[in-house]
Amino acid sequence: MVGEEGAFVLGWDEVLTEEELSMTLKVLCMSEEEFKEYKEQDGWEDDSEEEENSTLSNEALSRLKSPCKKLLYDSVLLTLASYRADLKAEQDLLSNKEAYEKLSRREQQALHVRYGQKRILHQLLELVQ
């Protein structure tokens, strides 16, 4: 369901791997009985038209059912915990010109990438609270 990378791709305005995330949330939020029934009906390919036509925009994420929101929230917290520094530390380093200039070009680029990732994850936390 998640693909080769085992991760979902989030953008500023929407989930870029929305089909994978939708399916994963749907399955993980099912009861055991619902899952058995879904599997028996070969539901993997036959999602409703409504689900196929919907996008996982930020607005749609904020309207998810509580179990799905909780699952996403906890997943984001786990992802954020995997970073060495928090968003504030990255922000402080970016705003400290002297410390920033001591970093190599590659370290500066990595800092910008991590900072952007963390900002998107924090945005997602706010959407699913």
Side-chain angles (χ1 to χ4, degrees):
M1 286 183 294
V2 181
E4 292 178 25
E5 297 285 323
F8 302 107
V9 181
L10 306 171
W12 285 110
D13 300 318
E14 64 187 16
V15 176
L16 302 177
T17 53
E18 62 186 273
E19 186 178 325
E20 292 90 344
L21 181 58
S22 291
M23 181 60 71
T24 301
L25 288 175
K26 182 177 184 175
V27 170
L28 291 177
C29 292
M30 287 179 179
S31 67
E32 187 176 344
E33 189 61 36
E34 289 171 323
F35 178 73
K36 285 179 184 177
E37 183 179 318
Y38 188 68
K39 193 174 170 185
E40 287 171 4
Q41 293 178 359
D42 295 323
W44 302 108
E45 298 297 326
D46 299 331
D47 285 335
S48 72
E49 219 174 275
E50 178 183 316
E51 289 173 351
E52 288 177 6
N53 292 330
S54 68
T55 61
L56 280 178
S57 65
N58 287 349
E59 185 180 328
L61 288 170
S62 66
R63 292 190 316 257
L64 289 173
K65 294 178 182 176
S66 290
C68 292
K69 281 183 168 184
K70 173 82 170 115
L71 183 61
L72 274 178
Y73 187 86
D74 291 345
S75 298
V76 170
L77 289 179
L78 284 172
T79 302
L80 286 169
S82 71
Y83 289 98
R84 288 186 191 179
D86 63 6
L87 181 66
K88 176 82 170 95
E90 304 284 23
Q91 196 169 24
D92 291 345
L93 185 53
L94 281 167
S95 62
N96 182 337
K97 187 175 181 177
E98 187 177 314
Y100 179 78
E101 289 177 354
K102 288 181 181 178
L103 299 174
S104 71
R105 182 74 180 134
R106 186 174 180 184
E107 290 170 325
Q108 290 173 355
Q109 291 171 339
L111 173 62
H112 284 281
V113 170
R114 285 192 314 270
Y115 180 68
Q117 290 171 341
K118 290 174 189 176
R119 286 189 53 212
I120 289 172
L121 290 169
H122 279 273
Q123 176 181 300
L124 181 56
L125 280 178
E126 290 177 20
L127 290 170
V128 297
Q129 278 185 334

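Computed over heavy atoms, backbone and side chain alike; hydrogens, waters and symmetry mates excluded. Keep in mind that this is a model prediction, so the values were computed, not measured.
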Item to check | Polar side-chain atom of Glu34 near backbone of Ser31 as donor-acceptor pair, under 3.5 Å | outcome: yes

Checklist entry - Okay, side chain of Asp13, backbone of Asn58: is any donor-acceptor separation there less than 3.5 Å? => result no

Item to check | Contact summary for Leu103 and Gln108, nearest pair of heavy atoms | outcome: O-NE2, 3.4 Å

Checklist entry - When hydrophobic residues are tied together by side-chain contacts of less than 4.5 Å, even through go-betweens, does Leu25 share a cluster with Leu121? => result yes

Next on the checklist: For Asp92, is there any backbone N or O sitting under 3.5 Å from a side-chain donor or acceptor partner on Ser95?
Outcome noted: yes

Checklist outcome for this item: For Leu64 and Cys68, the nearest pair of non-hydrogen atoms, with its separation, is CB-CB, 4.2 Å

Next on the checklist: Using every non-hydrogen atom in the two residues, find where Leu93 and Ala99 come nearest and quote the distance to one decimal.
Outcome noted: CD1-CB, 3.7 Å

Next on the checklist: Please find the pair of heavy atoms, one from Met30 and one from Phe35, that lie closest to each other, and give the distance.
Outcome noted: SD-CA, 3.7 Å

Checklist entry - Do any pairs count as a salt bridge (charged side-chain N to carboxylate O under 4.0 Å, His left out) and have a residue in residues 117-129, sequence neighbours left out, and if so which ones? => result Glu90-Lys118

Checklist entry - Leu80 versus His122: any side-chain heavy-atom pair under 4.5 Å? => result yes

Checklist entry - Going only through I, L, V, M, F, W and Y residues with side-chain contacts under 4.5 Å, is there a path from Leu87 to Leu125? => result no

Item to check | Short side-chain to backbone donor-acceptor contact, Ser57 and Ala60, under 3.5 Å | outcome: yes

Checklist entry - At their closest point, which heavy atom of Ser22 faces which heavy atom of Leu56, and how far apart are they? => result OG-CD1, 3.3 Å

Next on the checklist: Surrounding CD of Glu59 (heavy atoms of other residues, nucleotides or ligands, distance under 6.0 Å), is the total greater than 12?
Outcome noted: no

Checklist entry - Side-chain heavy atoms under 4.5 angstrom apart, residues restricted to Ile, Leu, Val, Met, Phe, Trp, Tyr: same cluster for Val9 and Leu72? => result no

Next on the checklist: Determine whether a donor-acceptor pair (N or O, by modelled atom type, separation under 3.5 Å) exists between the side chain of Glu107 and the backbone of Ser104.
Outcome noted: yes

Item to check | Side chain to side chain, Phe8 and Thr24, heavy atoms closer than 4.5 Å | outcome: yes

Item to check | Val128 to Lys69 - nearest heavy-atom pair and separation | outcome: O-CB, 3.5 Å

Item to check | same_hphob_cluster(Val113, Leu111) at 4.5 Å side-chain heavy-atom cutoff | outcome: no

